[in-house]
Enquirer: 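Pasting a structure here, questions to come.
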There are 2 protein chains.
Amino acid sequence: MINYNQLLNQSGLKATHQRIGVLEVLEDTGHSTIDEIYQRVREQHPAISLATVYNNVDIMLERDVLVEVPIAGAKSRYEIKKQDHIHLICQICGSVTDESIDLISQKDLTRIAQKDEFAIARSQINIYGICQSCQAAM
Amino acid sequence: MINYNQLLNQSGLKATHQRIGVLEVLEDTGHSTIDEIYQRVREQHPAISLATVYNNVDIMLERDVLVEVPIAGAKSRYEIKKQDHIHLICQICGSVTDESIDLISQKDLTRIAQKDEFAIARSQINIYGICQSCQAAM
DNA sequence: ATCCTTGCAAATGATTTGCAAGAGT
DNA sequence: ACTCTTGCAAATCATTTGCAAGGAT
């Protein structure tokens, strides 16, 4: 459990109920679209407006509190910034699962980027396929 | 140089000038947004409509002729489908460069996915950072 | 007390759709 | 000829913005 007040203040943002609500939803779901965040936060804060969710996600992206996870054929999802990791994205049910990038992969990425003298800020790996439970249901 | 007529017919699509125009632009640029495709195709086919570009990109995605490259903080780009590869995305100038996924990385991805019994269809690796020429300009 | 943030409503921008005319096989 | 595809315009959906009122430090 993270101290959201502190995280927001450190980032130069006021710790409003709306922002804490967004962070709590993302802590809980892992990755959500704007609309999912809006629906979930509304359960606790029925008066929150969609524009506020957009504004807050934007400003938290700028301040590196959140990260955008763009997904082919679907809306972007957002997650609380943490170590780079891999997303397994199910093409049937849309679920997103995290997996760690191990050391070998990290080294490979560095080596590949160095070939182009490219200064890496971060990497995003999406693997698309079919998750275990959707395979079982086929 | 690819035979676009054949590629389209194999995919059950008529080889219209508009579709060939889209493919030629993508062959030339590597990866473009919808709008870039529209502007470029217009140079050869001034009457093409933006809706036609949208429709054609959509149907070519469905038929696996094109692939969507979703990018954090920017519009998706589209490319002609080929072997999976890595995208180096410059956060300054927005350029996208391809790099091959070598065998070790491929094996890593397979191993990681197997942990979750996930059936891989394809993988998409985006590395965000600063390209060589933007570094030089700093 | 001050400045930042909110909710609302309106504005803008992106994408999709319906349909009659035109093009590919 | 037949069916698929196009361009246009309108409709829809997503996102951003302006602003007066309210909230956090």
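The basis for the numbers below is simple: all heavy atoms, side chains too, and nothing from hydrogens, waters or symmetry mates. Residue numbers start from 1 in every chain, and the chains themselves are labelled A, B, ... in the order their sequence lines are given, proteins ahead of strands.
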Enquirer: Out of dG7(C), dT16(D), dT3(D), which has the shortest distance to the side chain of A47(A)?
Expert: dG7(C)
Enquirer: Tell me whether the side-chain N/O atoms of Q18(A) come closer than 4.0 Å to OP1 or OP2 in dG23(D).
Expert: no
Enquirer: Between D58(B) and I48(A), which is nearer to the 5' end of DNA chain C once each is assigned its nearest nucleotide?
Expert: I48(A)
Enquirer: Rounded to whole Å, how long is the line connecting atom CD1 of I59(B) with atom C1' of dT3(D)?
Expert: 13 Å
Enquirer: Could you tell me the separation between the CZ atom of R63(B) and the P atom of dT5(D), rounded to a whole number of Å?
Expert: 7 Å
Enquirer: Can you tell me if K75(A) touches the phosphate of dA14(D), counting only side-chain N or O atoms and a distance under 4.0 Å to OP1 or OP2?
Expert: yes
Enquirer: Are K75(A) and D35(A) close enough for a salt bridge, meaning some N to O gap below 4.0 Å?
Expert: no
Enquirer: Take atom CG of D35(B) and atom C1' of dA14(C), then tell me their distance rounded to the nearest Å.
Expert: 9 Å
Enquirer: Looking for any heavy atom pair under 4.0 Å, which part of the strands does I34(B) touch: base, sugar-phosphate only, or nothing?
Expert: nothing
Enquirer: Quiz question: by atom type and distance under 3.5 Å, do the side chains of E68(A) and S76(A) form a donor-acceptor pair?
Expert: yes
Enquirer: Could you label the plane-to-plane angle of the H85(B) and H31(B) rings as parallel, tilted or perpendicular, counting under 30° as parallel and over 60° as perpendicular?
Expert: tilted
Enquirer: Measure from the side chain of T16(B), starting at C-beta and using heavy atoms only, and say which of dA24(D), dT6(D), dT25(C) lies closest.
Expert: dT6(D)
Enquirer: Should T52(B) be listed as having a side-chain N or O under 4.0 Å from OP1 or OP2 of dG7(D)?
Expert: yes
Enquirer: Send over the distance from I20(B) CD1 to dA23(C) P, rounded to a whole Å.
Expert: 15 Å
Enquirer: Could you state the CD1-P distance from I37(B) to dT15(C), rounded to the nearest angstrom?
Expert: 11 Å
Enquirer: Without swapping roles, check the side chain of E24(B) against the backbone of Y4(B) for a donor-acceptor pair under 3.5 Å.
Expert: no
Enquirer: Measure NE2/H45(B) against P/dC8(D) and give the value in whole Å, please.
Expert: 15 Å
Enquirer: What's the closest nucleotide to the N9(B) side chain, out of dT25(C), dA9(D), dT16(D)?
Expert: dT25(C)
Enquirer: Between dC3(C), dT17(D), dG7(C), which nucleotide has the shortest distance from any of its atoms to the side chain of K14(A)?
Expert: dC3(C)
Enquirer: Does S123(B) offer a backbone N or O that forms a donor-acceptor pair with the side chain of D84(B) under 3.5 Å?
Expert: yes
Enquirer: Output yes when at least one side-chain N/O atom of N56(A) is less than 4.0 Å from OP1 or OP2 of dT6(C), else no.
Expert: yes
Enquirer: Would you say a side-chain N or O of N55(A) is under 4.0 Å from OP1 or OP2 of dT5(C)?
Expert: no
Enquirer: In whole Å, what is the span from the CG atom of L8(A) to the P atom of dT6(C)?
Expert: 10 Å
Enquirer: Is R19(A) near enough to dT6(C) that one of its side-chain N or O atoms lies under 4.0 angstrom from OP1 or OP2?
Expert: yes
Enquirer: Rounded to whole Å, please give me the gap between CZ in R42(B) and C1' in dG7(D).
Expert: 13 Å
